Colleague: 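Right, I'll just put the structure down here and ask away after.
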Amino acid sequence: GEPQPLPEHIKKSKWLEGRTLQENYEVMVKEYHSAKAEVRQLRTALDYAQNAETKRREMISNITHELKTPLAVIYNYAEGLKDGIAADKQDHYLDVILEEAQRMDGMVLEMLDLSRLEAGKVRLATDRFSLLELTRRVIDKLSLLVEEKDLTVEYVWAHDCEITADESRITQALTNLVSNAIKYSPRGGTVHIGVTREKNQTMFSIENQSEPLSEEALAKIWDSFYRTDKSRTEKGTGLGLPITKAIIELHGGTCHVSNTKTGVEFKFYLP
């Protein structure tokens, strides 16, 4: 337990023994608190190391799982070509091989990008731009996907919301969030987008109509390669949301996700 204070008669003693006892006691208390702080630091370091090791193992397992499928497809289709598949099927087989190879290449590039972002090895530009205008450009770029699913995009914003940030990286984050919302919206659904100021921060929000996420999904949605049961059959790297979170946090912001009455809402705040 904690060191108990010395009795008052010893603290106020005029004798050498009392003063010596008081001095030794003070030294002991300092050493105790120093040792306690060191133990606390060591425990924190140990917890960090254990969590890092757990995440490393999970990452390796996830990478192995994600690469296994395209590798198997490439192997099987290449084997079919080698065995002399019918000439009218050769182009299709080659297209599949190229598509899976591009998918793997994209996954590796995103893993490298995420690694650099999380390590803080990315130098951010200091551009001044309107988050509202940038959001409009991202939506325009993805307009074909919106039209394919017959979606309605509704906007809510208070004002222009100019920010100072790395415009290229924020574009990447917005594209990931908008693409995600479009991907999991039902045909004919509505996507709500908000850009506003809250307590000296700029807030971006995007909500799509969908089934609510489970508690597990809400807790793990920002993790690398995490997929909800619904999304396991969808193509993708599973790195879009973790990359978005890393970009926002590198800017000193925060990311949030929550269920709403009609779907799921993603938000980020930037200072």
Side-chain angles (χ1 to χ4, degrees), residues 41 44-45 47-49 51-60 62-63 66-67 101-142 145 157-183 193-206 220-226 236-257 265-271:
Q41 289 174 351
T44 300
D47 290 343
Y48 177 82
N51 289 335
E53 177 62 17
T54 300
K55 287 185 177 180
R56 186 188 69 82
R57 290 177 181 274
E58 288 178 355
M59 176 68 79
I60 291 174
N62 287 330
I63 291 172
E66 293 294 329
L67 292 178
Q102 288 172 350
R103 181 181 166 198
M104 288 174 61
D105 182 59
M107 192 184 305
V108 170
L109 290 176
E110 287 200 342
M111 283 190 291
L112 291 173
D113 194 26
L114 179 60
S115 177
R116 291 175 64 241
L117 286 164
E118 290 182 337
K121 294 181 178 179
V122 174
R123 177 173 289 185
L124 298 176
T126 52
D127 307 310
R128 187 70 182 170
F129 59 94
S130 164
L131 185 58
L132 170 56
E133 290 304 318
L134 181 60
T135 303
R136 283 173 167 164
R137 291 202 300 271
V138 169
I139 294 293
D140 186 59
K141 183 175 66 175
L142 299 173
L145 296 178
W157 42 63
H159 48 80
D160 199 43
C161 292
E162 277 205 345
I163 61 173
T164 300
D166 188 316
E167 187 171 359
S168 175
R169 285 295 182 177
I170 297 301
T171 300
Q172 185 180 5
L174 287 174
T175 302
N176 287 338
L177 289 174
V178 174
S179 298
N180 186 75
I182 293 171
K183 184 176 182 179
I193 294 177
V195 180
T196 187
R197 292 284 292 176
E198 289 186 8
K199 298 178 181 178
N200 297 321
Q201 290 186 312
T202 298
M203 185 272 289
F204 171 87
S205 66
I206 183 164
K220 295 184 177 181
I221 198 72
W222 304 105
D223 292 353
S224 300
F225 296 112
Y226 179 75
T237 63
L239 293 171
L241 292 179
I243 286 175
T244 295
K245 183 171 183 284
I247 288 171
I248 299 304
E249 290 183 346
L250 202 57
H251 281 82
T254 56
C255 291
H256 308 273
V257 61
E265 182 180 52
F266 288 86
K267 287 183 178 180
F268 68 71
Y269 293 84
L270 289 172

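The basis for the numbers below is simple: all heavy atoms, side chains too, and nothing from hydrogens, waters or symmetry mates. All figures in this text were calculated on a predicted structure; none of them were measured in a lab.
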Colleague: Applying the side-chain contact (heavy atoms from CB on, under 4.5 Å) criterion to Phe268, which one of Leu177, Ile247, Ile206 satisfies it?
Modeller: Leu177
Colleague: Only one of Leu270, Leu134, Val195 passes side-chain contact (heavy atoms from CB on, under 4.5 Å) with Cys161; say which it is.
Modeller: Val195
Colleague: For the atom pair NZ (Lys245) and NE2 (His256), what is the distance rounded to the nearest 0.5 Å?
Modeller: 10.0 Å
Colleague: What is the minimum heavy-atom distance between Gly252 and Pro271, and which atoms define it?
Modeller: O-CD, 3.7 Å
Colleague: Apply side-chain hydrogen bond (donor to acceptor under 3.5 Å, both in side chains) to Thr202 and list each qualifying residue two or more places apart in sequence or on a separate chain.
Modeller: Arg197
Colleague: I need the minimum non-hydrogen distance between Ile248 and Ala173, along with the two atoms involved.
Modeller: CD1-CB, 4.3 Å
Colleague: Taking only residues two or more places apart in sequence or in another chain, which ones pass salt bridge (Lys or Arg N to Asp or Glu O under 4.0 Å) with Lys220?
Modeller: Glu216
Colleague: How long is the gap from OG1 on Thr135 to CG on Asp140, to the nearest 0.5 Å?
Modeller: 12.5 Å
Colleague: Give, for atom CZ of Arg116 and atom CD1 of Ile243, the distance between the pair rounded to the nearest 0.5 Å.
Modeller: 11.0 Å
Colleague: So which heavy atom on Val257 is nearest to which on Trp222, and how close?
Modeller: CG1-NE1, 3.8 Å
Colleague: Checking Ala165 now: which residues fulfil side chain to side chain contact (heavy atoms under 4.5 Å, CB included) with it, not counting sequence neighbours?
Modeller: Phe129, Ile163, Ile170, His251
Colleague: Output all residues satisfying side chain to side chain contact (heavy atoms under 4.5 Å, CB included) with Ser115, sequence neighbours left out; order by chain, then residue number.
Modeller: none
Colleague: Between SG of Cys255 and CZ of Phe204, what distance do you get to the nearest 0.5 Å?
Modeller: 11.0 Å
Colleague: Find the distance between CD (Glu167) and CG (Leu131) and round it off to the nearest 0.5 Å.
Modeller: 10.0 Å
Colleague: Residues in side-chain hydrogen bond (donor to acceptor under 3.5 Å, both in side chains) with Arg136, at least two apart?
Modeller: Glu133
Colleague: Taking only residues two or more places apart in sequence, or in another chain, which ones meet Arg128 in a salt bridge (Lys or Arg N to Asp or Glu O under 4.0 Å)?
Modeller: Glu162
Colleague: Who pairs with Leu250 by side chain to side chain contact (heavy atoms under 4.5 Å, CB included), at least two apart in sequence or on another chain?
Modeller: Leu117, Val122, Leu124
Colleague: Out of curiosity, Asp127 CG to Thr171 OG1, how far, rounded to the nearest 0.5 Å?
Modeller: 9.0 Å
Colleague: Can you sort out the partners of Asp166 under side-chain hydrogen bond (donor to acceptor under 3.5 Å, both in side chains), two or more places apart, ordered by chain and number?
Modeller: none
Colleague: Quick one: list whatever passes side-chain hydrogen bond (donor to acceptor under 3.5 Å, both in side chains) with Asp113, sequence neighbours left out.
Modeller: Arg169, Gln172
Colleague: Tell me the salt bridge (Lys or Arg N to Asp or Glu O under 4.0 Å) pairs involving residues 170-182, sequence neighbours left out?
Modeller: none
Colleague: Starting from the C-alpha separation in whole Å, work towards a yes-or-no answer on side-chain contact (heavy atoms from CB on, under 4.5 Å) for Thr244 and Phe266.
Modeller: CA-CA 11 Å; Thr244 295; Phe266 288 86; over 6 Å; no
